[in-house]
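Heavy-atom basis, side chains included; hydrogens, waters and symmetry copies ignored.
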Amino acid sequence: MALDTGTSSDAEETLSLAAKERVAAAITVILTESGALTDEQIVEKYNARALAHSSVPQVTAQRIRTARAKLVRIGHVRDAGELAYSRLGNRATAWTLS
């Protein structure tokens, strides 16, 4: 069983509140422009946006998924109720704005 030796919580603390807000804002824009997307698709579009816009912080896929999960918890994003698939053909949740 793997234990978190503090690396995840350390990474969480290194990203400023302003950067976390910019990540969430970018996800919101991506979902506004694209409609329902899986986490994999959100990460793909986020990374392209981060390369094109210096105001979008470069972060890990996990940070993007964490930000999307927080948007779900606060009611800004919800399960789209659509059948979606990952690149590997696995079923995946499609997310959309609430």
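Cluster membership for V59 and L17, using ILVMFWY side-chain heavy atoms within less than 4.5 angstrom, is not shared.
By the 4.5 Å heavy-atom criterion applied to side chains, P57 and R22 are counted as neighbours. Contact check for W95 versus R78: no side-chain heavy atoms found under the 4.5 Å cut-off. Residues T96 and V77 form no side-chain contact, since every pair of their non-hydrogen atoms from C-beta on lies 4.5 Å or further apart. Within the 4.5 Å cutoff, side-chain heavy atoms of Q58 are placed close to those of L51. Contact check for L31 versus L71: no side-chain heavy atoms found under the 4.5 Å cut-off. Taking the side chain as every heavy atom from C-beta outward, V29 and R49 approach each other to under 4.5 Å. Contact check for L37 versus K45: side-chain heavy atoms found under the 4.5 Å cut-off.
Closest approach of A67 and V23 over heavy atoms only: CB-CG1, 3.7 Å. Smallest separation of non-hydrogen atoms from K20 and L15: CE-O, 3.3 Å.
A donor-acceptor contact shorter than 3.5 Å is absent between the side chain of E82 and the backbone of A36.
Taken to the nearest 0.5 Å, the OG atom of S34 stands 8.5 Å off from the CD atom of Q41. Interatomic distance, R65 CZ to I42 CD1, rounded to the nearest 0.5 Å: 10.5 Å.
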Take T38 and Y85 through the side-chain contact (heavy atoms from CB on, under 4.5 Å) test and state the conclusion after the steps. CA-CA 8 Å; T38 65; Y85 293 92; over 6 Å; no
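The side-chain contact (heavy atoms from CB on, under 4.5 Å) test with T93 singles out one residue from D39, L83, V72, D79, and that residue is D79.
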